[in-house]
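Remarks on the structure that follows.
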Amino acid sequence: MTHDNSYVEKDYKVVGSRVKRPDGVDKVTGKARYGADVSAPGGLVGRVLRSPHPHAQILKINTAKAEKLPGVKAIITSADLPDLTDGDQGMAHILENCMARGRALYDGHAVAAVAAVDEQTAAKALKLIDVKYKKLPHVTDVDEAMQPDAPVLHENMFTRGVEPAPTKPSNISARTQMGYGDVDAGFAEADVIVERSYKTEQTHQGYIEPHACLASVNPDGTAELWVTTQGHFTFRNVCSKLLGLEIAKLKVTSSEIGGGFGGKTHVWAEPVALALSRKANRPVKLVMSRDEVFRASGPTSSTSIDIKMGARKDGTITAAVAEMRYQGGAFPGTWAMLGCMTAFACYSIKNNRSIGWDVVVNRPKVAAYRAPSAPMAAFAVESTIDVIAKEIGMSAIDVRLKNVAREGTQAPYGPTYGPIGIENTLEAVKSHPHMRAKLKKNQGRGVACGFWFNIGGQTCVDLNIGIDGTVNLNVGTVDVGGARSSMAMIAAEELGIAYDDVKANIGDTASLGHNDTTEGSRGTFSSGMATIFAARDAIGVLKQRAATMWGIPLDDVEWQGGEAIATGDMHSNLPALTLKEIAAKSGRTGGPIAGHNEVVADGAGMGFASHICDVEVDPETGRSQIVRYTVVQDAGKAIHPDYVEGQFQGAAAQGIGWALNEEYIYGDDGRLQNAGFLDYRIPVCSDMPFIDTKILEVPNPNHPYGIRGVGETSIVPPLGAVGNAIADATGVRMTHAPMSPPRVLSALDARDAG
Amino acid sequence: MRYEKPASAKEAAGLLAKEKGAAFLLAGGTDLLVKLKMGMVEPDLVVDIKHIAKANEIQTTAKGFNIGAAVPGARLTDHKALKKAWPGVVEAANLIGSDQIQGRCTLAGNLCNASPAADSVPAMIAAGAKAVIVGAKKRRTVPVEKVAIGPGQTCLGSDELIESITLPKPGPRTGDAYLRFIPRTEMDIAVVGVAVCVTLERGRVKSARVALGAVAPTAVLVPAAARAIVGTSLDDEALEKLSRACSAACNPIDDKRGTVEYRTRLAGVLAKRAAKIAFLRAGGNS
Amino acid sequence: MSNATLVSTVVNGDAVQFACPTDESLMTALRDRVGLTGVKEGCGTGDCGACSVTLDDQLVCSCLVLGVEAEGRNVGTVEGLAQDGQLHPLQEKFIEHAALQCGICTPGFLVAAKALLERNPNPDETEIRYALAGNLCRCTGYDKIVRAVQAAAKDMRKAKRR
Amino acid sequence: MLGMQVSFSSMFRVGDGPEPINVQAASIEELMQALLLRYPDLQTHIDQGVAVSINGQIFRDDWTVAIPADAEVYLIPRIEGG
């Protein structure tokens, strides 16, 4: 059944209010169960042996000694995960990333795994596994990996997207080009041309909950997996494929999830845990240590980006070119392509071209991190725009407004934008009181914009009405940050009942049809849409039951404010039937009352944000402190404003961490040197000011409530906003993120020397 | 792993003396448990000193203070007399980790872990603190700057432990201060730490002790830095000299937390700032 | 379990006994042996505060305490915050102010914030931020957490005056 | 059958390049069939993930979606997110 997803303006009773989340009590009392919080009868402890080398051939793995250790129940290597990927290269890479196959491609690459009766035994067993490596030359830097003499990771990888096709393998997996217009002509029109090169270091999502799962495989091919994930249906599909299980026989339950930000969209430990369980014939719990999370889950790309932009004196950007190099870790990705698509997306630039190079290096396989690839491109573009503004003597906001993308602007990746909110956010920034706050000595202010597509995708929702009229809403998109409240609010809004009468749950893979992963800011958009349609489906049933109870034709029943109303001359005197009254009689009027919806929620609305950042720079140490910060973002429609603000604030904080101190530090030996929260420095409470937020609502025309995704966009502007603020405070343009104290101090030195 | 909780320092030393395997002392455990977790140590014996009565006390004596080896940072903050006498030492101790860490970490543990970046150590050195060391056969008292002899290495014998740290009673017109540089506002290991203790006479520095952390294999006392300010009222020229002397005393390493150049530079910057605070605390006029 | 030691302790007011290896952390003992999985492991090295508990009213990271050290002590976890079915004001305010998103850091924040307010019933914003610096949150940017603690402190002061 | 101009996000090298081409199709499914007949190489891109933008609205999965006459149609890479 197809539904009309177009936006209809309406007054809301529940949507837009600030209700209490349904999982709040469980989470403040410690009852909520996360990935590592369950155990199974006869359960074993799984542990993974990881390569200490960034690049090595695995000559031999001898597990004999470990197998003899009492309490060891299973040891697996890649031999226990035969390749069932049928030539699907993406799947083959996932498999190889889960367990090295003949070669270790990064420090931390899994080589073998053990299941034992307890932690101590498992740890001892790992030490007894003897792996013979032959070390190979390695490369961890994106620019170095592109050099012709760089050690090649994959002998069968030839750069796609270049002509003629290369005959020699290299670390460049693909070249991408986007854009339109004639950039040479555009630069010829320009009064000012600015060229800058930027670098951004690799960062990690830094969710506080490490990856954890409990796997149980039976000899009859049935299996269960309890796991912290953003997408249990996707995990089921991938694990089934890799393990040779039937999809319906693997039940995956998503635990409460302790943060994901894209990092829990891919499998790492889960196929290993399933393979251990299959071999041991017992449940296996596998929990990554924090050190393993940093070394061997999926951080974001480090990049190297060149930007050239030209503008007329009136502020019109006449041409823009970006050349971007993104590393995807040890396996090819499409990260540079995403950089190309997003780099100039906030602007209408007549002549623009982005070239992306996707590169592999000896680092962990990159995963999505909140608006993946966009923050790095935006750092480069937003910094360069400020340089242009300075050169032509215009305010940085006015230059942005002069070139801002609007409805009808062609996106750099091709299509024409519908209604979008970037201009609204910039206008809101311009008039925001923050812009008038006084700056003290050594302080500066910066503004930057950001874009993220947002996505929709496959969604399935069940809504069941109990005999007392309370409602169970079963949703298949994992709730990472409070989505259950939003879903319950939407169901209550549609049905016309109280929020407290709806309880939203996240269904496991056995209880609902496929749902795409909660990624791309799709949760509230797509499950919200499916919830609306499921509720309307249930209303259809409720009306039918009311008609039956009244003995009147269905056409004479309407649903208003949570009640069935009889209409028409014949029966308008009948007293209304409430949802509760209809539910109470459901057994006698046709059985349980439910609504369902399966939908491909397409038409996600683009997300745009503009941020203001005030920073104070210590001129003697180069240390930057954020003193004031404001986020303005278009939400389309904020279902639960608290959690929309929370997304803005959290995304901004992650961007600020990236801008100031977060980075993967690799030694010359190719090993990660800061695999812990001590030296991978995410912002702590005392680093941050309050983050002011302003929610704008430019309705998405392709959603009944006008919802746009809100989760990711606000991680995009902070790098540029912080960099621009530092430039304002010091006169120094930072081109290398994070803009850590030593980097800022050496830039200040260079300024003073020059 | 055997876990013992002796009731006296002597008993603890006896346990250490008898142990043939790897023995470790446990006070706050904020370093030892991290090493355990990371598989860096595999103890055969852990001796918990928190059940030694003396190790849990802060004694105020005629000569100064005696701080038991198991006294956690949080208790130093609560000790008003100590805080008044040695604000720099207490501040330094309080910079070690979070409130959670403060509930456990100790001065003696910070010293014995022998990290070059230990926050409390330069402050203790500047204040003239001493470690009271108990062995199976004898006791000895060692100036704090002599305890660590290299990263992770101390002068303690295999049968020895620190029972307490002594701090002298500060002379009149004495002030101390400790500053460290970290990239965040909290939770980091010092990139550079500088402690300054000054005693004034008629508005000028009569004597001074300056100690640096995280710029050499151990925290170091820098007599040249002290000489740079003795006799001055901490004018700009004196501060510049102090800064240069501190930078000159640096012998740091390049690592994930800082480069040689950056550490050397910051030692000078922080020295000036710390000296000014110490000077003010000693009653000097800025 | 090699060389396990029997530990008698009090957890959230109840006498509890558990046996654990001597090198096991209190965090693991509380989670795996006492069943208090509200104590979260974010790092195991004292850097994230998710495992915060009180030990004789002193705030600590339970990952940096040996299980055997709990012998004869009083341990307080997030599970002990609500009394007689009544949520602690901090718990109420965390829900009311949306101070949690994923919620994994919440138990640690609540235990740490409670310890703060017992020591200092009227902390200013800076004091709150520094007192909670040992608790990492990656979802919220801390904004709503600090506001929830401020609101709870205010309520608790009011309740005390009554 | 409706006629339309299909444009390619320039990362797709189809035929002679990113120039728009004319196709007769009433749905995404028909569009893909028509394109594959002319450009079998497109299959590689489809395997790697494509989405179709119809008048600025992006469709990633559902190929039953109808394409109105004179619609602006773009083939673009299939996006995921974090």
Side-chain angles (χ1 to χ4, degrees), chain B residues 1-5 21-51 56 70-78 91 94-106 109 113 182-189, chain C residues 2-5 7 20-28 41 43-73 108-109 111-116 118-120 123 126-136 142:
Chain B
M1 180 183 115
R2 283 179 3 267
Y3 170 77
E4 301 283 355
K5 32 186 185 181
F24 291 85
L25 288 161
L26 171 69
T30 52
D31 290 309
L32 181 62
L33 268 89
V34 174
K35 289 176 186 163
L36 264 177
K37 169 86 183 176
M38 302 306 283
M40 289 154 70
V41 296
E42 284 180 51
D44 295 294
L45 170 69
V46 163
V47 178
D48 185 346
I49 63 165
K50 287 191 292 296
H51 297 263
N56 282 305
V71 173
R75 276 185 52 206
L76 301 181
T77 324
D78 295 342
E91 273 166 9
N94 288 161
L95 286 174
I96 306 167
S98 57
D99 278 16
Q100 284 86 338
I101 304 296
Q102 283 294 309
R104 298 273 291 173
C105 70
T106 64
N113 189 49
I182 54 171
R184 291 182 289 190
T185 50
E186 263 286 5
M187 300 305 288
D188 287 332
I189 302 291
Chain C
S2 51
N3 58 50
T5 299
V7 178
C20 75
T22 47
D23 59 356
E24 184 169 287
S25 71
L26 177 61
M27 172 188 72
T28 304
E41 174 166 5
C43 69
T45 51
D47 300 313
C48 80
C51 68
S52 295
V53 302
T54 52
L55 196 59
D56 292 344
D57 293 327
Q58 181 70 59
L59 179 68
V60 297
C61 284
S62 59
C63 70
L64 296 185
V65 178
L66 291 174
V68 291
E69 288 185 74
E71 174 71 36
R73 313 282 295 273
F109 266 99
V111 171
K114 180 168 175 263
L116 164 68
E118 277 165 8
R119 199 173 68 239
N120 178 1
T126 305
E127 286 169 330
I128 293 172
R129 288 190 181 277
Y130 276 88
L132 299 179
N135 294 81
L136 298 182
Y142 305 103

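A note on names: the letters A, B, ... follow the listed sequences, proteins ahead of strands, and every chain is numbered from 1.
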Work out which heavy atom in [X] is nearest to a heavy atom in [Y]; give both atom names and the distance.
X: Gln58(C); Y: Ala74(B); value: NE2-CB, 3.7 Å
X: Gly134(C); Y: Ser98(B); value: CA-CB, 3.3 Å
X: Gly49(C); Y: Gln100(B); value: CA-NE2, 4.3 Å

* To do: In plain terms, say whether Asp78(B) and Arg119(C) are close enough for a salt bridge, that is, a side-chain N and a carboxylate O under 4.0 Å apart.
  => no

* **Residues Lys50(B) and Glu69(C) bridged, charged N to O under 4.0 Å** => yes

If you measure from [atom1] on [X] to [atom2] on [Y], what distance do you get to the nearest 0.5 Å?
X: Thr45(C); Y: Lys37(B); atom1: OG1; atom2: NZ; result: 8.0 Å
X: Asp48(B); Y: Thr22(C); atom1: CG; atom2: OG1; result: 12.0 Å
X: Leu66(C); Y: Tyr3(B); atom1: CG; atom2: OH; result: 6.5 Å
X: Glu24(C); Y: Leu33(B); atom1: CD; atom2: CG; result: 11.0 Å
X: Thr5(C); Y: Arg2(B); atom1: OG1; atom2: CZ; result: 11.5 Å

Mind ranking [options] by heavy-atom pairs under 4.5 Å with chain B and telling me who comes out on top?
options: Gly46(C), Ala115(C), Cys43(C), Ala131(C); answer: Ala131(C)
options: Cys61(C), Ser25(C), Ala112(C); answer: Cys61(C)
options: Val68(C), Asp47(C), Thr54(C); answer: Val68(C)

Do [X] and [Y] come within less than 4.5 Å of each other through their side chains, counting heavy atoms only?
X: Tyr130(C); Y: Asp99(B); answer: no
X: Glu71(C); Y: Lys5(B); answer: yes
X: Arg104(B); Y: Val65(C); answer: yes

* **Met1(B), part contacting chain C, at a heavy-atom distance under 4.5 Å** => both

* To do: Not counting sequence neighbours, which residues clear salt bridge (charged side-chain N to carboxylate O under 4.0 Å, His left out) with Asp31(B)? List them please.
  => none

Pairs of donor and acceptor atoms involving the side chains of residues 39-46 of chain B, under 3.5 Å and at least two apart or interchain, shall be tabulated with distances.
{"unit_1": "Glu42(B)", "atom_1": "OE2", "unit_2": "Lys127(A)", "atom_2": "NZ", "d": "2.7"}
{"unit_1": "Asp44(B)", "atom_1": "OD2", "unit_2": "Ala22(B)", "atom_2": "N", "d": "2.7"}

* **Option that, when pairs with chain C are counted at under 4.5 Å, heavy atom only, ranks first among Thr185(B), Leu32(B), Leu36(B)** => Thr185(B)

